[in-house]
Amino acid sequence: MPNIVKIADEADLIVNGYAFTKCIEGYRILNLNKPEHAIVLSIEGETLETTMDDIEIQIVKDYFKKNKKFMED
């Protein structure tokens, strides 16, 4: 089980309970309310790996597109 507080503290951005963290592949996103739901997106926003269903993936991708500018250097 991931340490939710540590993940939230280290996240680059949190939107509606989703922690967005930059990584080598692109971005790791974790649902802080359901930590078994996670996704890795490429820099372009393509799904690389996930444990989310299609609806949640679309929600997270929408958050990603709207907020990516806040995670850029």
Side-chain angles (χ1 to χ4, degrees):
M1 189 68 148
N3 182 338
I4 302 303
V5 174
K6 184 176 189 299
I7 292 169
D9 285 345
E10 294 176 357
D12 294 299
L13 182 70
I14 296 177
V15 179
N16 280 355
Y18 291 94
F20 290 75
T21 307
K22 289 184 201 176
C23 64
I24 294 170
E25 298 85 2
Y27 299 91
R28 284 181 285 147
I29 299 111
L30 179 71
N31 183 334
L32 296 172
N33 298 308
K34 295 182 181 179
E36 65 277 8
H37 292 208
I39 188 169
V40 178
L41 297 179
S42 69
I43 293 169
E44 296 80 24
E46 297 299 317
T47 302
L48 300 177
E49 192 174 339
T50 189
T51 57
M52 296 178 176
D53 63 35
D54 291 342
I55 294 170
E56 190 172 21
I57 290 169
Q58 193 55 54
I59 291 167
V60 168
K61 284 186 173 185
D62 287 345
Y63 290 151
F64 175 75
K65 288 176 189 169
K66 291 176 184 172
N67 295 285
K68 184 179 178 184
K69 62 185 171 231
F70 299 115
M71 293 183 287
E72 295 172 352
D73 292 332

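The environment of CG in D54 is sparse: at most 12 heavy-atom neighbours from other residues, nucleotides or ligands sit within 6.0 Å.
Residue pairs meeting the ring-ring contact (aromatic ring centres under 6.0 Å, His included) criterion with at least one member in residues 35-54: none, sequence neighbours excluded. Pairs of residues two or more places apart, or lying in two chains, that qualify as ring-ring contact (aromatic ring centres under 6.0 Å, His included) and include a residue from residues 4-26 are Y18-Y63. The salt bridge (charged side-chain N to carboxylate O under 4.0 Å, His left out) pairs that include a residue from residues 38-51 number zero, where partners must be two or more places apart or lie in different chains.
Separation of atoms CG (L41) and CG (L48) is listed at 7.0 Å; rounding is to 0.5 Å. With rounding to the nearest 0.5 angstrom, the CD1 atom of I57 is 14.0 Å from the CZ atom of F64.
Judged by distance alone, with hydrogens and angles left aside, the side-chain atoms of K22 form no donor-acceptor pair with the main-chain N or O of D12 at under 3.5 Å.
Of all heavy-atom pairs spanning P35 and I4, the tightest one is CB-CD1, 3.5 Å. Of all non-hydrogen atoms in A19 and I7, the two that sit nearest each other are CB-CG2, 4.2 Å.
Residues I55 and I59 form a side-chain contact, since some pair of their non-hydrogen atoms from C-beta on lies under 4.5 Å apart.
With sequence neighbours left out, the side-chain hydrogen bond (donor to acceptor under 3.5 Å, both in side chains) criterion links D62 to Q58. Every residue two or more places apart in sequence or in another chain that forms a salt bridge (Lys or Arg N to Asp or Glu O under 4.0 Å) with K6 is listed here: E10. Residues satisfying the side-chain hydrogen bond (donor to acceptor under 3.5 Å, both in side chains) test with T47, not counting sequence neighbours, are K61.
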Side-chain atoms of residues 23-33: list all donor-acceptor pairs with protein atoms under 3.5 Å, sequence neighbours left out, distances to 0.1 Å.
from: N31; atom 1: OD1; to: N33; atom 2: N; distance (Å): 2.9
from: N31; atom 1: OD1; to: K34; atom 2: N; distance (Å): 3.1
from: N31; atom 1: ND2; to: E56; atom 2: OE2; distance (Å): 2.8

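Following chains of ILVMFWY side-chain contacts shorter than 4.5 Å, one can reach M71 starting from V60, so the two form part of one hydrophobic cluster.
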query: K68 and L13: side chain to side chain contact (heavy atoms under 4.5 Å, CB included), yes or no, with the steps?
result: CA-CA 9 Å; K68 184 179 178 184; L13 182 70; over 6 Å; no
